[in-house]
Protein chains: 2
Amino acid sequence: MIDFDFSNVFRSGVVSRADFESQEGKLDSFLKQIDARNQGFYRVIDDEEMVTDIEAFSKSVKGKYDDIVVCGIGGSALGTITLRDAFANFFEKSKVGLHVLENIDPVFLSEALEALNLKRTLFLVISKSGGTPETLAQYFFFRQHLDKAGLVAKDHLVFITGEKGLLREVADQDGIPTFSVPEDVGGRFSVLTPVGLLPAALVGLDIRALLQGARSMRDAFLSVDFEENKPFQLAVLQWLCSEKGYSNNVLMPYVMKLRTFAGWFAQLLAESTGKFNSKGKSVGLTPIASLGVTDQHSQLQLFAEGPKDKLVLFLQVEKFSYDMEIPVLVESDKTRFLKGVSFQNLLHAENKATAESLTEGGRPNLMISLDTLSLENMGGLFLLFEGATAFLGEFLDINTFDQPGVERSKVLTRESLSECRL
Amino acid sequence: MIDFDFSNVFRSGVVSRADFESQEGKLDSFLKQIDARNQGFYRVIDDEEMVTDIEAFSKSVKGKYDDIVVCGIGGSALGTITLRDAFANFFEKSKVGLHVLENIDPVFLSEALEALNLKRTLFLVISKSGGTPETLAQYFFFRQHLDKAGLVAKDHLVFITGEKGLLREVADQDGIPTFSVPEDVGGRFSVLTPVGLLPAALVGLDIRALLQGARSMRDAFLSVDFEENKPFQLAVLQWLCSEKGYSNNVLMPYVMKLRTFAGWFAQLLAESTGKFNSKGKSVGLTPIASLGVTDQHSQLQLFAEGPKDKLVLFLQVEKFSYDMEIPVLVESDKTRFLKGVSFQNLLHAENKATAESLTEGGRPNLMISLDTLSLENMGGLFLLFEGATAFLGEFLDINTFDQPGVERSKVLTRESLSECRL
């Protein structure tokens with residue numbers, strides 16, 4: 001169950017309820033425009049065969065590995081990091097360790113290699129194009145060490161990739177198991193394909209629950225009923241605020257296990273909306289990661305008194321899986337207000353107070369509440385933001401699903417490397 | 001050795017070299033204004049007695065603990081997280097685990113408790129005021145469990161706090177060892193006091209090296225020579241860019257071990273600069289955390305084509321402690337450019353290319369380079385940004401060292417908790 005409270009956006013005075021409701025008329029046409037873009041992210045979640053294949057593979061390798069290592073970057077990494085951190089214990093190594101190597105830092109990679117027992121490790125190499133240089137470099141590195149150790153590649157590697165490309169060719173040649181990233185699902189929208197689902201299943205998460213939650217938010221996303229379409233409502237508010245100069249979107253979960261969800265959200269919002277619109281104008285929303293209550297002691301001063309350019313999206317879990325009363329061992333002015341209060345009470349009170357103080361200061365904010373931190377709700381959250389982002393693209397007059405702005409840097413990288421070899 | 005390359009700010013066309021150099025005249029008066037604010041952050045690093053006390057304590061408890069747990073939030077936590085992550089192995093638990101509990105999330109705290117062997121754990125409770133409610137709540141929680149386990153409090157607790165306050169009273173009563181946070185050093189400037197130095201020393205870091213690097217940057221910070229005063233130069237660029245609308249400061253290290261340095265930087269910049277100036281106007285710079293090469297596949301699209309409101313601060317390590325050639329196992333168009341290239345080469349080439357592509361697009365960016373990731377350089381980095389932030393406050397006409405904007409939320413928290421108990 002995911003609940004929404006958008007009232008502080010209106011109370012802040014930045015957007016009126018009338019402005020908000022006046023956008024209702026765009027819902028129908030935007031849904032048609034999105035449909036015409038032929039994107040699969042909200043359709044792939046019905047793919048029963050995909051789920052069956054993932055479950056069958058996970059079952060077949062059960063007990064064979066101590067560590068699962070994802071070689072991937074961006075959309076091939078961020079969904080898995082989110083899912084791992086949302087459902088793992090922070091301090092205990094789970095039965096199967098899940099590591100996401102989302103960088104090419106040589107120290108990072110060599111420390112990973114050193115810590116792994118290759119005989120008991122499965123590498124998931126993830127690249128939709130099959131040609132992401134950073135991911136190929138990681139693959140080559142670990143493959144060389146697998147070969148040196150005399151291990152059979154196909155027992156320690158799985159490729160998750162598109163229908164074509166270099167990884168596909170290697171897989172065919174070496175008999176490496178593969179899973180497909182559908183052609184019509186972009187990297188940053190791919191968490192509910194094998195990209196995110198296979199790692200999740202391999203560490204024992206119930207991917208059917210995840211997909212069920214996603215499907216019910218998908219139904220809301222496709223609804224022509226304004227009241228029901230929360231992704232559209234969210235996009236309307238993000239867009240109206242950005243039109244008033246509040247184009248920085250702070251995601252501030254008040255729950256430790258959703259801390260890295262901000263990374264997934266950041267890619268989705270940044271890469272989807274930050275671009276030239278059809279008139280050549282730079283548009284886009286800038287994601288900023290935050291964490292309650294922690295960052296009340298860090299960023300809140302800026303959010304409360306700094307430039308009026310931020311919309312704060314609070315993310316709350318109503319009932320934590322564990323809670324305990326704060327034992328007030330020393331009575332004083334500083335501690336009396338903590339008596340009879342649980343950690344969850346204090347956390348929620350601080351969240352509410354932060355939201356209220358921002359609202360009083362004329363700073364827009366809204367609340368998204370999960371009743372519990374469940375797989376269903378995580379699936380719903382993914383679809384909520386994916387859907388909202390799709391609508392945002394229509395408001396901003398851009399193609400939500402491309403990323404032309406990173407090409408130049410790729411060309412320059414190749415040039416600079418060819419220079420350094422001369 | 002820390003090097004600076006500010007040329008891309010000028011090449012981007014956003015700030016001219018003449019504008020930059022014309023600020024030189026303010027250096028002298030700003031140094032006097034900063035001196036008049038009576039801040040100790042650049043003086044405390046000469047305190048030999050502080051260092052000796054920390055070293056003596058660390059030596060006296062050597063081998064007694066498997067885990068060091070910091071109970072603290074904001075400035076009591078972020079410096080330690082930075083130092084731990086900069087100098088620890090990512091995948092191996094070091095001989096002594098260092099955990100920083102910077103939140104009151106009940107699941108997070110209970111998972112920590114479950115994982116710890118209290119008999120072999122030392123808790124560092126850190127609060128300058130001695131009355132931070134979140135930190136007191138954590139202290140009460142763990143103290144209750146220490147007492148229940150029949151353990152002697154003073155053998156498992158150290159308080160790092162100011163001269164007065166609740167923690168000081170408890171320490172006096174129970175004989176708990178304490179270290180002082182100097183009155184004239186604010187939380188977000190306190191990493192080079194016992195707040196950051198004691199945890200660092202307890203896990204075996206050479207705090208003298210850290211302080212030595214800090215001192216040499218401090219000398220630059222106090223220099224009236226514009227050429228030499230890199231903290232001032234950095235502040236000039238941050239300020240001039242913000243005046244032109246580029247008030248978002250993206251910190252983008254191209255090294256995994258500096259990833260969490262962004263959290264320390266975020267608090268410093270946000271809490272110091274985001275406030276009302278003397279004319280009541282909202283001012284401030286907004287920190288945004290990023291990571292190379294990882295976020296080239298996430299935020300770069302936005303930085304390259306989105307709103308022109310960002311200055312990107314790249315942070316580079318010239319020589320990693322380990323490097324290896326990328327073994328190009330499959331030759332193709334996608335991989336040929338990787339031949340003869342090391343991971344470090346590729347990472348640097350991508351950094352350079354990203355900077356160049358932003359510059360070409362008229363987007364300001366600058367480079368700060370560490371020759372190696374050493375303790376000296378980390379000490380220098382802390383002082384660099386602390387110094388620059390002190391100057392920024394003078395440019396912005398604010399008090400860098402207060403945080404009035406978070407008070408309202410504290411009052412509302414108390415009100416809301418008293419309601420919930422009725």
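Every chain is numbered from 1, with letters handed out A, B, ... down the list of sequences. Worth saying up front: this structure is predicted, and the values here are computed from it rather than measured. Hydrogens, waters and symmetry mates play no part in the numbers below; they use all other heavy atoms, side chains included.
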Whether A/T294 side chain and B/E102 backbone form a donor-acceptor pair below 3.5 Å: yes

For A/L329, is it the side chain, the backbone, both, or neither that has a heavy atom closer than 4.5 Å to a heavy atom of chain B? both

Side chains of B/S409 and A/E350: closer than 4.5 Å at any heavy-atom pair? no

Give, as side chain, backbone, both or neither, the part of A/V107 having an atom under 4.5 angstrom from any heavy atom of chain B. both

Find the one option among A/K310, A/M324, A/Q299 whose heavy-atom pairs under 4.5 Å with chain B are most numerous. A/M324

Report which part of B/L285 has an atom under 4.5 Å of a heavy atom belonging to chain A: side chain, backbone, both, or neither. backbone

Do you know which of A/A355, A/G165, A/A112, A/S342 has the most heavy-atom pairs with chain B at a distance under 4.5 angstrom? A/A112

Is there side-chain contact between B/P133 and A/F337, with at least one heavy-atom pair below 4.5 Å? yes

Check whether B/L113 gets within reach of chain A through its side chain, its backbone, both or neither, counting any heavy atom under 4.5 Å. neither

Main-chain N/O of B/K308 paired to A/S282 side chain as donor or acceptor, under 3.5 Å: no

Checking A/K281 against chain B: side chain, backbone, both or neither under 4.5 Å from a heavy atom? neither

Out of A/G361, A/G74, A/S321, A/P307, which one racks up the most heavy-atom pairs below 4.5 Å with chain B? A/P307

Check: A/T413 and B/L346 side chains under 4.5 Å, non-hydrogen atoms: yes

Could you walk me through whether B/R408 and A/T354 pass side-chain hydrogen bond (donor to acceptor under 3.5 Å, both in side chains), step by step? CA-CA 8 Å; B/R408 181 65 185 148; A/T354 299; over 6 Å; no

I want to check something: taking the side chain as every heavy atom from C-beta on, are B/F343 and A/L109 in contact at a cut-off of under 4.5 Å? yes

Is any side-chain heavy atom of A/D295 less than 4.5 Å from a side-chain heavy atom of B/Q267? no

Please rank A/G263, A/A270, A/G284, A/S298 by heavy-atom pairs under 4.5 Å with chain B and give me the top one. A/S298

Highest number of heavy-atom pairs under 4.5 Å with chain A: which of B/P327, B/A349, B/G405? B/P327

Given heavy-atom pairs under 4.5 angstrom as the criterion, report whether the side chain, backbone, both or neither of A/A289 touches chain B. neither

Give a yes or no answer on whether the side chain of A/D105 reaches the backbone of B/M256 with a donor-acceptor pair at less than 3.5 Å. yes

May I have the step-by-step check of side-chain hydrogen bond (donor to acceptor under 3.5 Å, both in side chains) for B/H297 and A/Q403, ending in yes or no? CA-CA 9 Å; B/H297 296 260; A/Q403 51 281 333; over 6 Å; no

B/P106 backbone acceptor or donor facing A/D323 side chain under 3.5 Å: no

Taking the side chain as every heavy atom from C-beta outward, state whether A/E111 and B/K257 have any pair of such atoms under 4.5 Å apart. yes

Counting only non-hydrogen atoms closer than 4.5 Å, does A/E325 touch chain B with its backbone (N, CA, C, O), its side chain (CB onward), both, or neither? neither

Short side-chain to backbone donor-acceptor contact, B/E271 and A/Q301, under 3.5 Å: no

Between the main-chain N or O of B/V293 and the side-chain N or O of A/N103, is there a donor-acceptor pair closer than 3.5 Å? yes

What part of B/V170 lies closer than 4.5 angstrom to a heavy atom of chain A: side chain, backbone, both or neither? side chain

Counting only non-hydrogen atoms closer than 4.5 Å, does A/L166 touch chain B with its backbone (N, CA, C, O), its side chain (CB onward), both, or neither? side chain

Given a strict heavy-atom distance threshold of 4.5 Å, which part of B/L136 is in contact with chain A: side chain, backbone, both, or neither? side chain

Does any heavy atom of chain A fall under 4.5 Å from the side chain of B/K352, the backbone, both, or neither of them? side chain

At a heavy-atom separation under 4.5 Å, does A/L101 approach chain B through its side chain, its backbone, both, or neither? side chain

Check whether any side-chain heavy atom of A/P287 sits under 4.5 Å from a side-chain heavy atom of B/L302, and report yes or no. yes

Contacts of B/F142 meeting ring pair (Phe, Tyr, Trp, His ring centres under 6.0 Å) (sequence neighbours excluded), chain-then-number -> B/F123

Hey, does A/F140 have a side-chain heavy atom less than 4.5 Å from the side chain of B/V328? yes

For chain A, which candidate among B/G130, B/P404, B/G75 shows the most heavy-atom pairs at distances under 4.5 Å? B/P404

Selection from A/A266, A/S76, A/S272, A/G292 maximising heavy-atom pairs under 4.5 Å formed with chain B: A/G292

Would you mind checking which part of B/E360 comes under 4.5 Å of any heavy atom in chain A, side chain (CB onward), backbone (N, CA, C, O), both or neither? side chain

If you count heavy-atom pairs within less than 4.5 Å of chain A, which of B/S129, B/S247, B/G274, B/S357 leads? B/G274

Heavy-atom cut-off 4.5 Å, strictly under: side chain, backbone, both or neither for B/L300 against chain A? both

Assert top hit (heavy-atom pairs under 4.5 Å, partner chain B, pool A/G131, A/A137, A/S332) equals A/A137

Under 4.5 Å from any heavy atom of chain A, what part of B/T286 do you find: side chain, backbone, both or neither? both

Proximity breakdown for A/N248 and chain B, heavy-atom pairs closer than 4.5 Å: side chain

To the nearest 0.5 angstrom, please state how far the CG atom of B/L417 sits from the CZ atom of A/R336. 14.5 Å

